[in-house]
Amino acid sequence: MRNLIRQWLALDADINELIAQKEKLNKDFYLQQTLKVAEDLIGKVFVKIEGKEILAGIIAETEAYLGDNDRASHSYRGVSKRNEAMFEEGGILYIYKIFGIHYCANIVTEQKDVGSAVLLRSLIPISGIEKMQNRRKTSDLYKLCRGPGNSAKSLSLDYLFNKHSLLDDKLFILNTSLSEKYIIAKGSRIGISKDEHLPYRFFIYNCPFVSGKKIFQNAQKILNS
DNA sequence: GCAAGGATCTAA
DNA sequence: TAGATCCTTGCC
């Protein structure tokens, strides 16, 4: 597994070192523009601590859902019982269930009442892999956290975590710079029927942990600045 | 290719 | 209150 990760992110530190060395993303990060947050989250490490077990993955794929005139966003028609987390101040989770089957985890962004969030689509698992394999009932590392439903299942993110803070000691995102070693690309969001042309999906280019069959189609590389 | 599966929203 | 929709997945 370590070789597999090295191949993609040249990650040398183990998870405990990483947590000890790196800062958590703070509130100000989440209050930024949603598209910037979605792009900047690529390469960061999502961490969930369950007892003595550390579950962690490098964020490899995100999608932005804006609060301003984005017809594909759950927030488009205003506040409802389902989406009210999206209208809170940034830095918390918004969890919803799709097709009555799969949970999907979003990271709420921007100021209160904006109604924007970033969908967590895929992770590169780096810690707690056995637990993820048990939950997903597969040992295939590429498939463990590929797609929003699978990511939420691996991390066991359900309604209990709706509105949960990401500034928590057991649930946070590390401010790493791993993405500098990879090319980030953007393209169309997946599985939506409105405004599907908007390039609001961000992902690590040519990465097998990323979902979607057409990762290169309609993809545009973003050069590291 | 398509069914599972249930909450949510809209229209009446 | 009925009917359509849905930021998906894994099966056929």
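Throughout, protein chains are lettered first and strands after them, A, B, ... in sequence-line order, and every chain is numbered starting at 1.
- Here the closest heavy-atom approach between residue A/Leu93 and residue A/Val108 is recorded as C-CG2, 4.2 Å.
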List the steps, then state whether ring-ring contact (aromatic ring centres under 6.0 Å, His included) holds for A/Tyr159 with A/Tyr96. CA-CA 7 Å; A/Tyr159 285 145; A/Tyr96 68 87; 9.3 Å; no

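- Here A/Arg136 reaches the OP1 or OP2 of C/dG10: one of its side-chain N or O atoms lies under 4.0 Å away.
- Checking A/Ser211 against A/Arg121 by side-chain atom types alone, a donor-acceptor pair falls below 3.5 Å.
- Where A/Gly147 and A/Ser193 each meet DNA chain C at their nearest nucleotide, the meeting point lying more 5' is that of A/Ser193.
- Between atom CG of residue A/Leu167 and atom OH of residue A/Tyr30 there is a gap of 6.5 Å, rounded to the nearest 0.5 Å.
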Trace of the side chain to side chain contact (heavy atoms under 4.5 Å, CB included) decision for A/Lys24 with A/Asn175
CA-CA 5 Å; A/Lys24 295 176 195 172; A/Asn175 187 14; over 6 Å; no

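- Counted by atom type alone, A/Glu196 and A/Ser188 present zero donor-acceptor pairs between their side chains at under 3.5 Å.
- We find that the ring of A/Phe99 and the base of C/dT9 do not stack by the test of centres under 5.5 angstrom and planes tilted less than 30°.
- Atom CG of A/Asp158 and atom P of B/dA7 are 14 Å apart (whole Å).
- When each of A/Tyr159 and A/Ile101 is assigned the nucleotide of DNA chain B with its nearest heavy atom, A/Ile101 is the one assigned upstream, toward the 5' end.
- Distance A/Arg189 CZ to C/dT8 C1': 16 Å, rounded to the nearest Å.
- In this model, a side-chain donor or acceptor of A/Tyr96 finds a partner on the base of C/dC7 within 3.5 Å.
- Note on A/His102: every side-chain N or O is 4.0 Å or more away from OP1 and OP2 of C/dT9.
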Pick out the pairs of N or O atoms, protein on one side and nucleotides 9-12 of chain B on the other, that lie under 3.5 Å.
unit_1: B/dC9; atom_1: OP1; unit_2: A/Ser80; atom_2: OG; d: 2.0
unit_1: B/dT10; atom_1: OP1; unit_2: A/Arg77; atom_2: NE; d: 3.4

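- One can place CD1 of A/Ile107 at 18 Å from P of C/dC7, the figure rounded to the nearest angstrom.
- Distance, A/Ile98 CD1 to B/dA3 C1': 15 Å, rounded to whole Å.
- Between A/Glu61 atom CD and C/dC7 atom P there is a gap of 15 Å when expressed in whole angstrom units.
- Regarding contacts with the backbone of C/dC6, a side-chain N or O of A/Lys194 is found under 4.0 angstrom from either OP1 or OP2.
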